[in-house]
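Notes for the one structure printed next.
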2 protein chains.
Amino acid sequence: MADEQYEIICDRLRDNSYKLTPQRQTILRTFLDNADRHLSAEDVYSLVKHEYPDMGLATVYRTLDLLAELGILQKNDFGDGRSRYEFARKDLHHHHHLICLNCGEVSEFDDDLLESLEAVILKRNHFKVVDHNLKFLGYCRKCQSTLE
Amino acid sequence: MADEQYEIICDRLRDNSYKLTPQRQTILRTFLDNADRHLSAEDVYSLVKHEYPDMGLATVYRTLDLLAELGILQKNDFGDGRSRYEFARKDLHHHHHLICLNCGEVSEFDDDLLESLEAVILKRNHFKVVDHNLKFLGYCRKCQSTLE
DNA sequence: GTTAATGCAAAGATTTTGCAGTGAG
DNA sequence: CTCACTGCAAAATCTTTGCATTAAC
């Protein structure tokens with residue numbers, strides 16, 4: 001199943017006449033192997049280094065850029081000074097993040113409550129919303145018990 | 001009225017035994033004179049340079065930090081690679097931003113729809129929300145007409 | 001073979017820090 | 001007079017870019 005997704009993405013690259021280099025393959029596999037995480041360029045670089053010690057950090061940045069450009073990855077800013085990536089979803093619009101202020105862990109929360117708000121915004125502010133970005137800051141289950 | 005707010009903030013600094021230097025006064029006045037904008041450190045630096053050519057950029061950063069620390073300013077990240085500041089409000093929690101993807105202008109939108117969601121999140125995800133951050137990306141009134 | 005992709009090192013951009021000198025209280 | 005504050009320059013961080021070399025197609 002992960003392999004299936006891997007093939008689909010490889011085809012996607014080829015279709016756009018991008019070359020399927022071993023560096024890109026390795027980075028892609030790393031993402032599939034860590035699908036539940038929100039990796040930064042540096043994270044990817046470290047993970048990949050074991051398997052591919054000659055990989056350059058610039059290549060990681062360029063690959064993440066490319067995959068985001070193709071809509072395969074979603075670039076996120078969680079306010080920790082670096083960009084973090086995750087697989088893009090169909091329902092991005094209803095996908096929000098819970099960011100733990102203690103350990104930095106990022107989890108997910110889905111809801112479509114904001115749809116109706118966007119109509120209000122258009123009417124009240126004459127602002128045409130095309131996307132939104134909702135983050136909740138707080139304490140995850142683990143840290144709640146640790147801190148108290 | 002702006003002068004009144006200015007005095008209140010100056011007192012606040014003195015109360016915490018921070019020194020009321022001309023640099024800090026100038027930066028503060030600049031914010032009061034641009035209360036409707038969301039200024040970055042560089043913005044403040046440029047604005048202040050006219051009145052106070054010897055001001056150092058590091059001083060601007062340190063002052064913005066201090067004012068945010070004291071809860072006078074609110075530090076924002078609008079995704080353009082630099083921090084932007086505005087006066088903090090009592091109802092920060094219900095204060096959201098509309099960010100124009102064309103001209104970068106940031107306007108305001110107030111709503112308390114998210115309150116109820118936070119209870120759901122605690123129940124469903126065992127995540128204790130202490131703050132949230134909601135940004136809407138789209139096109140402001142001006143850019144809508146320009147682009148079409 | 002062509003041309004895009006890579007690695008490296010250098011450059012950019014924003015923000016922070018060390019330190020000697022200055023000035024607000 | 002003292003100690004917090006300042007300006008400057010250097011450093012820290014994350015990210016991008018230029019360029020000669022490499023390798024996918």
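Atoms considered below: every heavy atom in the structure, side chains included; atoms not considered: hydrogens, waters and symmetry mates. Residue numbers start from 1 in every chain, and the chains themselves are labelled A, B, ... in the order their sequence lines are given, proteins ahead of strands.
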Please determine if B:D77 and B:R82 form a salt bridge, counting it only when a charged side-chain N lies under 4.0 Å from a carboxylate O.
-> no
Nearest-Å distance for atom pair [atom1]/[atom2], residues [X] and [N]:
{"X": "B:Y52", "N": "D:dC8", "atom1": "OH", "atom2": "P", "value": "11 Å"}
{"X": "B:D54", "N": "C:dT22", "atom1": "CG", "atom2": "P", "value": "13 Å"}
{"X": "B:Y45", "N": "C:dT14", "atom1": "OH", "atom2": "C1'", "value": "14 Å"}
{"X": "B:Y85", "N": "C:dT14", "atom1": "OH", "atom2": "P", "value": "14 Å"}
{"X": "A:L70", "N": "C:dA5", "atom1": "CG", "atom2": "P", "value": "11 Å"}
{"X": "A:E69", "N": "C:dA5", "atom1": "CD", "atom2": "P", "value": "13 Å"}
{"X": "B:L66", "N": "C:dT17", "atom1": "CG", "atom2": "C1'", "value": "17 Å"}
{"X": "B:K75", "N": "C:dT15", "atom1": "NZ", "atom2": "P", "value": "7 Å"}

Does the salt bridge (charged side-chain N to carboxylate O under 4.0 Å, His left out) test come out yes or no for A:E105 and A:R37, once each step is laid out?
-> CA-CA 9 Å; A:E105 191 209 72; A:R37 299 179 56 191; over 6 Å; no
Among D:dC5, C:dT16, D:dT16, find the nucleotide with the atom closest to the side chain of B:R24.
-> D:dC5
Closest to side chain of B:R62, choosing from D:dT16, C:dC19, C:dT15 = C:dC19
Short heteroatom pairs, N/O only, protein and nucleotides 23-25 of chain D, under 3.5 Å:
unit_1	atom_1	unit_2	atom_2	d
D:dA24	N3	A:K19	NZ	3.3
D:dC25	OP1	A:L20	N	3.0

Quick one: which residue pairs count as a salt bridge (Lys or Arg N to Asp or Glu O under 4.0 Å) with a foot in residues 111-136 of chain A, not counting sequence neighbours?
-> none
Taking for each residue the nucleotide of DNA chain C with the nearest heavy atom, is it B:R82 or A:M55 whose nucleotide lies nearer the 5' end?
-> A:M55
Quick one: label B:S17 by what it contacts on the DNA or RNA (base, sugar-phosphate, nothing), any heavy atom closer than 4.0 Å.
-> nothing
Contact under 4.0 Å: B:Y61 side-chain N or O vs C:dT15 OP1/OP2 = yes
Any B:T59 side-chain N or O less than 4.0 Å from OP1/OP2 of D:dC5 = no
What are the two closest heavy atoms between B:Y139 and B:Q144, and how far apart are they?
-> O-NE2, 2.9 Å
Around atom CD of B:E69, are there more than 12 heavy atoms of other residues, nucleotides or ligands at under 6.0 Å?
-> no
Crowded around A:K142 NZ? As in, over 12 foreign heavy atoms under 6.0 Å?
-> no
Quick one: sort the A:H96 and A:F136 rings into parallel, tilted or perpendicular, breaks at 30° and 60°.
-> perpendicular
From CA spacing to verdict: salt bridge (charged side-chain N to carboxylate O under 4.0 Å, His left out), B:D11, B:R14 = CA-CA 5 Å; B:D11 286 349; B:R14 277 187 287 256; 2.9 Å; yes
To the nearest 10 degrees, the angle between the two end axes of the helix from C:dG1-D:dC25 to C:dG25-D:dC1 (five pairs per end) comes to 30°
Lys NZ or Arg CZ of A:R141 over B:F127 ring: under 6.0 Å, within 45° | no
